[in-house]
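Note that the coordinates shown come from a computational prediction; the quantities given were computed from them, not determined experimentally.
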Amino acid sequence: MAKKSLIAIVDDDESIRVSTANLIRAFGFAARGFASAEEFLQSPELGETSCVISDVQMPGIDGLELQTRLASTHHRTPVIFITAFPDLRIQERAIAGGAICFLKKPFDGKTLIQCVDRALNRSNS
């Protein structure tokens with residue numbers, strides 16, 4: 001049996017973590033929520049994660065710093081950003097850093113799943 005792709009949801013808002021994880025699971029993926037970038041970076045799931053869905057603004061390490069740390073440690077994990085406070089400069093930095101998508105909360109579930117599919121297809125090629 002094929003192993004399900006693990007999608008990490010990194011967001012300090014518990015309701016977003018839970019609802020996003022439920023959506024991801026409904027489409028057949030494995031999902032794990034993390035309340036902070038620090039929690040994710042210290043988790044045993046770090047090396048098993050196929051895609052990260054991260055909030056941009058979080059206490060401590062923010063989403064852009066998480067993206068930078070993943071790249072600097074040679075984790076080629078695709079990142080999808082979600083934010084309640086879209087800012088064109090931040091979006092441009094995220095995309096320049098390799099982000100797959102940059103979505104405004106509340107986001108459309110179908111759009112998020114399309115982004116996850118793009119991320120997984122990119123990481124498998």
Side-chain angles (χ1 to χ4, degrees):
M1 181 161 93
K3 185 177 176 184
K4 291 182 181 182
S5 296
L6 176 61
I7 312 301
I9 297 107
V10 183
D11 198 310
D12 58 318
D13 183 329
E14 182 179 13
S15 66
I16 296 291
R17 280 195 318 274
V18 170
S19 63
T20 304
N22 288 338
L23 173 68
I24 294 297
R25 288 185 191 110
F27 280 87
F29 301 106
R32 171 92 159 57
F34 300 90
S36 69
E38 293 89 345
E39 181 184 352
F40 172 64
L41 290 169
Q42 295 171 5
S43 75
E45 288 90 351
L46 175 63
E48 302 300 317
T49 300
S50 300
C51 177
V52 174
I53 299 170
S54 178
D55 191 6
V56 174
Q57 295 183 337
M58 297 181 287
I61 298 173
D62 68 17
L64 291 175
E65 179 63 22
L66 172 60
Q67 180 185 38
T68 300
R69 288 188 187 200
L70 288 171
S72 71
T73 58
H74 306 293
H75 288 279
R76 304 262 185 247
T77 311
V79 179
I80 296 167
F81 284 106
I82 55 177
T83 184
F85 306 100
D87 177 296
L88 185 57
R89 291 178 316 226
I90 292 173
Q91 180 177 354
E92 289 171 348
R93 281 183 53 204
I95 299 299
I100 301 298
C101 294
F102 193 93
L103 305 175
K104 181 185 181 301
K105 295 177 188 177
F107 48 83
D108 176 66
K110 182 179 177 183
T111 302
L112 179 64
I113 294 303
Q114 289 171 342
C115 290
V116 170
D117 285 340
R118 281 180 46 208
L120 296 178
N121 288 332
R122 186 179 96 173
S123 67
N124 291 331
S125 59

Does any N or O in the side chain of [X] come within less than 3.5 Å of the main-chain N or O of [Y], such that one atom is a donor and the other an acceptor?
{"X": "T20", "Y": "R17", "answer": "no"}
{"X": "E38", "Y": "G60", "answer": "no"}
{"X": "D62", "Y": "M58", "answer": "no"}
{"X": "E39", "Y": "A35", "answer": "yes"}
{"X": "T83", "Y": "F85", "answer": "yes"}
{"X": "E45", "Y": "A8", "answer": "no"}

Close side-chain approach of S54 and I80, heavy atoms under 4.5 Å: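 Of all side-chain heavy-atom pairs linking I80 with S54, none is under 4.5 Å.
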Considering only NZ, NE, NH1 and NH2 on the basic side and carboxylate oxygens on the acidic side, decide whether [X] and [Y] come within less than 4.0 Å.
{"X": "K105", "Y": "D55", "value": "yes"}
{"X": "D87", "Y": "K104", "value": "no"}
{"X": "D108", "Y": "K110", "value": "no"}

Distance, nearest 0.5 Å, that separates [atom1] of [X] from [atom2] of [Y]:
{"X": "Q114", "Y": "L103", "atom1": "CD", "atom2": "CG", "result": "10.0 Å"}
{"X": "S43", "Y": "E48", "atom1": "OG", "atom2": "CD", "result": "10.0 Å"}
{"X": "T49", "Y": "R32", "atom1": "OG1", "atom2": "CZ", "result": "9.0 Å"}
{"X": "I53", "Y": "F34", "atom1": "CD1", "atom2": "CZ", "result": "12.0 Å"}

Worked check of side-chain contact (heavy atoms from CB on, under 4.5 Å) between I82 and V56: CA-CA 6 Å; I82 55 177; V56 174; over 6 Å; no
Stepwise side-chain contact (heavy atoms from CB on, under 4.5 Å) check, Q91 with F81: CA-CA 9 Å; Q91 180 177 354; F81 284 106; over 6 Å; no
S36 vs V10, side-chain contact (heavy atoms from CB on, under 4.5 Å): CA-CA, chis, key distance, verdict: CA-CA 6 Å; S36 69; V10 183; 5.8 Å; no
Which atom pair, heavy atoms only, marks the closest approach of [X] to [Y]?
{"X": "I24", "Y": "A30", "result": "CG2-O, 4.0 Å"}
{"X": "P78", "Y": "S50", "result": "CD-O, 3.2 Å"}
{"X": "H75", "Y": "G47", "result": "CE1-CA, 4.4 Å"}

Do [X] and [Y] share a hydrophobic cluster, counting only Ile, Leu, Val, Met, Phe, Trp and Tyr and linking them when any side-chain heavy atoms are less than 4.5 Å apart?
{"X": "V52", "Y": "I113", "result": "no"}
{"X": "V79", "Y": "F102", "result": "yes"}
{"X": "I9", "Y": "V18", "result": "no"}
{"X": "I95", "Y": "I100", "result": "no"}
{"X": "L6", "Y": "L120", "result": "no"}

Within 6.0 Å of CZ in R93, more than 12 heavy atoms from elsewhere: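 Count not over threshold, so no.
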Test side-chain contact (heavy atoms from CB on, under 4.5 Å) applied to F29 and L23, step by step: CA-CA 9 Å; F29 301 106; L23 173 68; over 6 Å; no
